[in-house]
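Here's the structure we're looking at; comments come further down.
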Amino acid sequence: MKKSTAIILFLMLCLGQQLSAQQGQSKTTPASEKKVMIVYGSDECHHCTDTKKYLKENNIEFVFYDIDKNQEALKEMLFKLKNANISLNNLSIPVIDKQGVIFTNDIPFEAFLKKLN
């Protein structure tokens, strides 16, 4: 009886370590995977369209979310702004998420574009 209990405990321990190793692997991000800049804005906003044009011209990868049409993107943007302690008073778009750094178009537009590089 003691041998069978010991064997069961050994197998459970081995299986637990194997599962832990697999879970650890799934949490890591492959080195080849890079974060892409996220632009939150509106197709009706000239600064937003100019930002998209600038990013395309400079071959900077980005994803654009139109917050007028995508309520989930709007919620995500507001959540990120709140976490970054950026006031929603007088908020100007576009809002940029550059690899976790959140900033808005609250400076002269040319200076804002330079921050995108």
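Values in this document were obtained by computation on a predicted structure and should not be read as measured data. Reckoned from all heavy atoms, side chains included, excluding hydrogens, waters and symmetry mates.
Distance check: K114 NZ to I107 CD1 gives 10.0 Å after rounding to the nearest 0.5 Å. Considering CD1 of I93 and CD of E44, their distance stands at 10.0 Å, rounded to 0.5 Å. Atom CD1 of residue I96 and atom CD1 of residue I102 lie 9.5 Å apart, to the nearest 0.5 angstrom. Expressed to the nearest 0.5 Å, how far CE of M37 lies from CD of Q99 amounts to 7.5 Å.
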Which donor-acceptor pairs under 3.5 Å do side chains of residues 80-90 form with protein atoms, sequence neighbours excluded?
from : atom 1 : to  : atom 2 : distance (Å)
K80  : NZ     : Y40 : OH     : 2.9
K80  : NZ     : D97 : OD2    : 2.6
S87  : OG     : N89 : N      : 3.1

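Between F109 and H47, the ring planes lie tilted relative to each other; the angle falls in the 30° to 60° range.
A single hydrophobic cluster is seen to contain both F103 and V39, as judged by linkage of ILVMFWY side chains at heavy-atom distances under 4.5 Å, directly or through other members. Hydrophobic cluster membership is shared by L74 and V63, with clusters built from Ile, Leu, Val, Met, Phe, Trp and Tyr side chains linked at under 4.5 angstrom. Residues L113 and V95 do not share a hydrophobic cluster, clusters being chains of Ile/Leu/Val/Met/Phe/Trp/Tyr side chains in contact below 4.5 Å.
Counting heavy-atom neighbours within 6.0 Å of Y65 OH, excluding the residue itself, gives a total of 12 or less. Within 6.0 Å of CD in E57 there are more than 12 heavy atoms belonging to other residues, nucleotides or ligands.
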Handout entry: Check against side-chain contact (heavy atoms from CB on, under 4.5 Å), D43 and C48
Key = CA-CA 7 Å; D43 285 330; C48 299; over 6 Å; no
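Within the structure, no pair that satisfies the ring-ring contact (aromatic ring centres under 6.0 Å, His included) test touches residues 74-100, not counting sequence neighbours.
Taking all atoms of both residues into account, the shortest heavy-atom contact from T51 to P94 is OG1-CG, 3.4 Å.
Checking side-chain atoms of N58 against main-chain N and O of Y54 turns up a donor-acceptor pair under 3.5 Å. Within the 3.5 Å criterion, the main-chain N or O of K115 finds a donor-acceptor partner in the side chain of K98. With S92 contributing its side chain and N105 its backbone, the two residues share a donor-acceptor pair below 3.5 Å.
At a threshold of 4.5 Å between non-hydrogen side-chain atoms, the residues F112 and D106 do not count as touching.
Partners of K75 according to the salt bridge (Lys or Arg N to Asp or Glu O under 4.0 Å) rule, which considers only residues two or more places apart in sequence or in another chain, are E72.
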